[in-house]
Amino acid sequence: MQTAEIRQRWLNFFEGKGHTVVPSASLISEDPSLLFTVAGMVPFIPYMSGLVPAPYPRATSVQKCVRTLDIEEVGKTTRHGTFFQMNGNFSFGDYFKKEAIAYAWEFLTGSKESGCLGLDPQLLWVTVFQDDDESISIWRDVADIPMERIQRRGMKDNYWSTGQPGPAGPCSEIYYDRGPAYGREGGPEADEDRYIEIWNLVFMQYERGQGTGKDNFEILGELPKKNIDTGMGLERVAFLMQGVENLYEIDQVRPVLDLAAQLSGKTYGAVVEDDVRMRVVADHVRSALMLIGDGVTPANDGRGYVLRRLLRRSVRAMRLLGVDTPIFKILFTASKDAMKAAYPELETDFERILKTAIAEEETFLRTLTAGTVYLDEALDAVKASGSKQLAGDAAFLLHDTYGFPIDLTLEIAEEAGLTVDRDGFKSLMAEQRDRAKADAREKKLGGTDLSVYSAFRAKGVTKFAGYEELATGAEVLGLIVDGADAKHAKQGQIAEVILNETSFYAESGGQDSDAGFIVADGMQLEVLDVQKPVKGLISHKVLVRSGEVSVGQKVTTQVDADWRLGACQAHSATHVVHAALRQVLGPSALQSGSYNKPGYMRLDFAWTQALSLETRSEIEEVTNLAIRGDLAVSAQYMSLPEAKTWGAVALFGETYDESVRVVQVGGPWSRELCGGTHVARSSQIGLVSLIGESSVGSGSRRVEALVGIEAFRALSAERALVARLSESMKAPKEQLEERLAQTIEELKVAQRKLAAVQASQLATRIPELIASAKEFKGSKFVATNLGELDSVDDLRTLASQLRDKFGDTSATAALFAVIAEKPMLVVATTITARQHGIKAGALVKVASAILGGGGGGKDDMAQGGGQDVSKIDAAVVAIEGALNA
RNA sequence: GGGGACUUAGCUCAGUUGGUAGAGCACCUGCUUUGCAAGCAGGGGGUCAGGGGUUCGACCCCCCUAGUCUCCA
């Protein structure tokens with residue numbers, strides 16, 4: 001049975017049991033502390049914990065998941081994959097153990113004709129938590145499983161909790177027996193390779209307290225609402241049902257594996273190391289495909305870095321298989337074709353996905369080339385030193401600084417007949433890990449407690465009236481002062497206000513929160529910030545300007561009209577700039593983040609190179625033409641699939657409800673899912689002026705722009721600047737550029753001439769200086785103070801010329817000058833003088849010490865300086881003394 | 001979030017106890033020659049990423065900022 005079919009059967013089955021089918025959430029987790037969606041229940045956490053009331057009593061999903069903790073194990077075992085799909089059914093205070101077990105049994109063992117999987121009941125084993133007799137009796141009841149195939153296990157295996165206070169409870173797991181060929185008898189307790197876990201049923205029925213680890217905590221009591229959370233590994237069931245050996249050989253993965261074999265000319269199943277490499281390629285390419293599909297782009301940190309590792313490890317594995325040409329185009333196409341039955345959006349987005357993957361492949365190939373040069377040098381050095389081993393720090397430097405993978409280093413070193421100090425490398429890696437971990441621990445002390453909001457959220461959502469009006473009547477439902485529930489807040493205090501309804505826009509979707517006031521008779525609150533701490537709940541952070549605010553009070557929310565207009569202009573401008581970017585650069589220039597507030601907007605987007613000035617102008621032009629076009633801006637609600645067929649751009653990393661809001665500018669010209677506030681027509685944006693373009697890391701760029709009156713003011717200020725320049729340069733602005741270039745050129749010529757004149761003027765003094773030479777111990781000595789000079793270069797040139805004039809007589813020149821009010825000297829010696837043991841460097845040291853400074857140089861030429869100009873004569877005497885000694 | 005490396009002529013890059021910034025290619029001029037990266041001679045071209053500090057003196061040492069590459073979490 002094809003994987004896509006198992007998936008569809010699952011959804012159909014649970015829909016038939018009254019479950020709401022929830023589409024897979026993005027791999028990009030909404031929870032910022034999680035890199036990715038790592039389990040099927042992640043999108044349902046707020047409902048499980050009771051923070052947000054569940055919109056449905058029971059739900060089912062097939063969730064895309066990525067886990068890279070065990071990335072090193074991929075390909076070596078049957079169980080580790082970085083991308084997998086988790087089938088789940090969930091109950092939020094609705095059904096409990098009995099139904100959960102019955103559904104699971106029915107779906108696994110029911111006939112294929114009835115839409116189930118038709119597995120042989122004799123091959124299924126179950127485990128339960130040691131004290132959970134209730135589950136055992138249900139299993140006996142509904143499934144008639146013999147006691148021999150039910151095993152009790154402890155906290156470590158069969159008790160679930162988040163690791164923190166909150167819901168917890170026992171689990172029951174279902175295993176599939178692959179037969180005696182795969183291991184020993186005795187059920188999952190004995191052998192988890194023969195008995196494969198396929199489904200975990202979690203019964204959340206208790207509230208856990210403080211504690212550490214998996215088994216060291218206290219149970220506080222029963223939960224008021226008991227939940228069911230189950231997860232069936234789709235890949236595991238698929239590989240068992242397809243009669244293959246592991247998850248790399250199922251229909252959704254195998255084609256890429258075969259392609260890796262074909263491209264490298266190797267046979268799958270022949271050499272263990274090569275098999276692992278082929279599986280790595282098959283697994284990683286699929287994970288990368290799905291991540292890019294969900295909008296992740298390669299980067300140096302966070303999610304992007306995980307993606308980069310997957311892509312680079314794929315290239316590396318192919319190299320080790322002997323393929324060093326670009327291969328992503330064929331591999332990704334094959335993976336896409338294997339996955340598109342379940343995820344049709346991969347086909348429509350494939351151009352963008354492939355472009356992203358290939359760009360990373362190219363940059364990595366460049367990195368490898370650079371690393372190879374360095375490695376070759378290092379290996380030559382090792383050979384030259386007579387050693388047989390490349391040091392651990394050299395291998396680490398290659399890996400850490402040049403991004404050159406360690407196993408390629410090992411391979412290339414081996415070809416050169418050398419070994420690598422692996423232990424040294426490993427310990428350096430461990431050091432780096434410890435550094436990063438220690439840092440992460442330090443920064444983690446910021447987990448905010450949201451429980452104070454859950455009581456308010458339980459009463460319902462805050463109604464947002466701000467799309468239609470700037471002011472609205474409301475009632476104060478709650479106050480939070482210093483993180484705690486409060487009844488009143490007095491003048492001068494800062495408090496959070498929860499209302500039943502508000503016209504204030506809370507910061508989201510990149511748009512800054514509204515400014516304004518909340519007022520009532522004799523009371524005024526200045527709104528400082530507006531946030532949505534919990535989905536559906538709006539909290540206003542306010543300063544009590546006058547009077548006192550109390551729970552139950554009737555108030556009016558008044559958004560500052562000027563502020564809001566600016567905010568609308570900026571947010572609409574963001575959409576227009578985004579559309580212009582995609583029009584000019586192509587559809588892969590997808591927004592990855594944005595921020596806007598009155599007068600200003602910035603937009604981060606996926607792009608690999610800096611934008612040229614011409615491209616920036618073009619984007620600015622397209623943007624402002626769209627503004628001049630007076631396009632209608634509208635917002636309407638529709639279902640997510642409907643929005644997708646409209647071609648609306650969904651911003652990755654955001655999660656959307658069943659009903660989404662689509663904001664259009666000029667109909668299809670720009671369509672984005674967005675909850676922000678906008679102007680009514682594009683012309684109201686006024687003006688957009690790009691002020692900057694920069695990098696936010698490899699593969700991601702940022703544009704910044706001023707919007708509306710702010711844009712005008714900035715341009716106006718620049719115009720004034722040009723006018724002032726024009727005036728001081730005495731040239732009309734059209735000729736300003738030319739005039740400036742000309743002036744700079746003239747200045748350069750004049751400086752050069754001046755330098756030449758000064759040099760020749762100094763050169764005229766040479767005969768006079770030679771004539772003034774004294775003689776010490778048979779060697780000539782010239783010393784003079786040239787007075788004020790511009791640079792030490794002149795001094796040096798003259799000293800050098802003087803020395804040349806002396807030819808092969810023994811002579812020393814010591815020239816002094818005052819440069820920038822400090823005494824400087826240069827000493828030059830002829831070859832003959834040096835043969836007599838006269839050293840310029842030593843003489844400079846003697847003289848500069850007297851001048852109150854220091855100096856040095858070589859035997860032939862040296863320079864130095866000091867602080868005290870009046871000591872020059874004394875310095876000359878000191879040199880003469882040294883020559884006489 | 002924490003590390004490491006890099007930024008020098010139009011391009012590719014050298015440049016150690018801190019003491020006058022270089023090479024190859026490209027460019028300009030002249031000669032020679034006219035067959036595949038032509039040769040010879042001469043020449044122009046540099047805020048050594050930007051800013052600050054230490055020093056008599058910084059491409060070099062220290063600090064900050066920006067850009068680029070890279071590893072770890």
Side-chain angles (χ1 to χ4, degrees), chain A residues 32-33 35 68-69 71 298-306 308-309 312 360 363-364 366-371 373-374 393 395-406 425 428-446 608-610 692-702 744-745 747-749 751-752 755 759 791-801 803 816-828 840-841 844-845 847-869 871-872 875:
Chain A
S33 69
L35 278 181
T68 55
L69 210 63
I71 193 166
N300 300 344
D301 59 357
R303 302 179 174 112
Y305 180 60
V306 174
R308 171 162 285 168
R309 273 183 73 167
R312 294 187 169 200
E360 180 63 17
T363 59
F364 188 48
R366 268 203 300 279
T367 297
L368 286 179
T369 309
V373 172
Y374 185 89
D393 56 353
F396 182 72
L397 184 75
L398 265 162
H399 162 84
D400 183 61
T401 301
Y402 297 93
F404 200 81
I406 180 65
F425 175 81
L428 286 167
M429 282 298 286
E431 268 176 44
Q432 155 142 279
R433 248 177 229 127
D434 291 344
R435 256 201 312 275
K437 274 185 183 159
D439 175 72
R441 261 196 301 279
E442 195 125 329
K443 298 283 151 64
K444 210 159 191 181
L445 307 163
T608 47
Q609 316 120 37
E693 193 267 346
S694 57
S695 161
V696 277
S698 180
S700 184
R701 308 225 36 113
R702 166 175 294 176
I744 290 171
E745 183 58 30
L747 191 63
K748 272 189 178 176
V749 169
Q751 279 172 340
R752 228 175 283 147
S791 89
V792 72
D793 288 353
D794 296 332
L795 207 53
R796 212 159 25 217
T797 309
L798 187 64
S800 162
Q801 286 171 345
R803 177 179 61 185
F816 292 76
V818 177
I819 295 166
E821 292 172 9
K822 283 181 178 176
M824 298 290 287
L825 84 151
V826 168
V827 174
V844 161
K845 279 198 202 305
S848 57
I850 294 192
L851 295 174
K858 313 240 167 76
D859 290 349
D860 62 326
M861 174 79 78
Q863 63 183 21
Q867 306 286 359
D868 193 347
V869 177
K871 296 270 173 66
I872 290 180

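Everything numeric in this text was worked out from a predicted model, so none of it was measured. Lettering follows sequence order; numbering is per chain, from 1.
- Only A:Arg796, listed by number, bring a heavy atom of residues 792-800 of chain A to less than 4.0 angstrom from any atom of RNA chain B.
- In this view, A:Arg312 and A:Glu360 satisfy the side-chain hydrogen bond (donor to acceptor under 3.5 Å, both in side chains) rule, not counting sequence neighbours.
- Under the side chain to side chain contact (heavy atoms under 4.5 Å, CB included) criterion, A:Leu428 pairs with A:Asp393, A:Phe396, A:Glu431, not counting sequence neighbours.
- Legend: residues meeting side-chain hydrogen bond (donor to acceptor under 3.5 Å, both in side chains) with A:Asp868, ordered by chain and number and at least two apart, are A:Ser870, A:Lys871.
- The nucleotide whose nearest atom lies closest to any side-chain atom of A:Lys822 is, among B:C56, B:A73, B:U70, B:C56.
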Which atom pairs link the protein and nucleotides 42-47 of chain B when you take only N or O atoms and keep those under 3.5 Å?
residue : atom : partner  : partner atom : Å
B:G45   : OP1  : A:Arg752 : NH2          : 2.9
B:G46   : OP1  : A:Lys748 : NZ           : 2.9

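- For A:Arg803, the side chain to side chain contact (heavy atoms under 4.5 Å, CB included) criterion is met by A:Ser800, A:Ala828, A:Thr830, A:Arg834, A:Asp860, A:Met861, not counting sequence neighbours.
- With sequence neighbours excluded, no residue forms a ring-ring contact (aromatic ring centres under 6.0 Å, His included) with A:Phe816.
- For the salt bridge (charged side-chain N to carboxylate O under 4.0 Å, His left out) test, no residue two or more places apart in sequence or in another chain qualifies with A:Asp859.
- Remark: A:Tyr402 engages A:Tyr374 in a ring-ring contact (aromatic ring centres under 6.0 Å, His included) (not counting sequence neighbours).
- Taking for each of A:Ala862 and A:Arg312 the nucleotide of RNA chain B with the nearest heavy atom, the 5'-most of the two is the partner of A:Ala862.
- A:Asp794 is linked by a side-chain hydrogen bond (donor to acceptor under 3.5 Å, both in side chains) to nothing, counting only residues two or more places apart in sequence or in another chain.
- The phosphate of B:C71 has neither OP1 nor OP2 within less than 4.0 Å of any side-chain N or O from A:Arg433.
- Taking a pair as Watson-Crick or G-U wobble with both distances under 3.5 Å, RNA chain B forms stems of 3 or more consecutive pairs at B:1-7 with B:66-72, B:10-13 with B:22-25, B:27-31 with B:39-43, B:49-53 with B:61-65.
- The side chain of A:Arg308 contributes an N or O atom lying less than 4.0 Å from OP1 or OP2 of B:U70.
- For A:Arg309, no side-chain nitrogen or oxygen approaches OP1 or OP2 of B:C71 to under 4.0 Å.
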Show the distances under 3.5 angstrom between N or O atoms of the protein and N or O atoms of nucleotides 4-11 of chain B.
residue : atom : partner  : partner atom : Å
B:G4    : O2'  : A:Thr401 : OG1          : 2.8
B:G4    : N2   : A:Thr401 : O            : 3.1

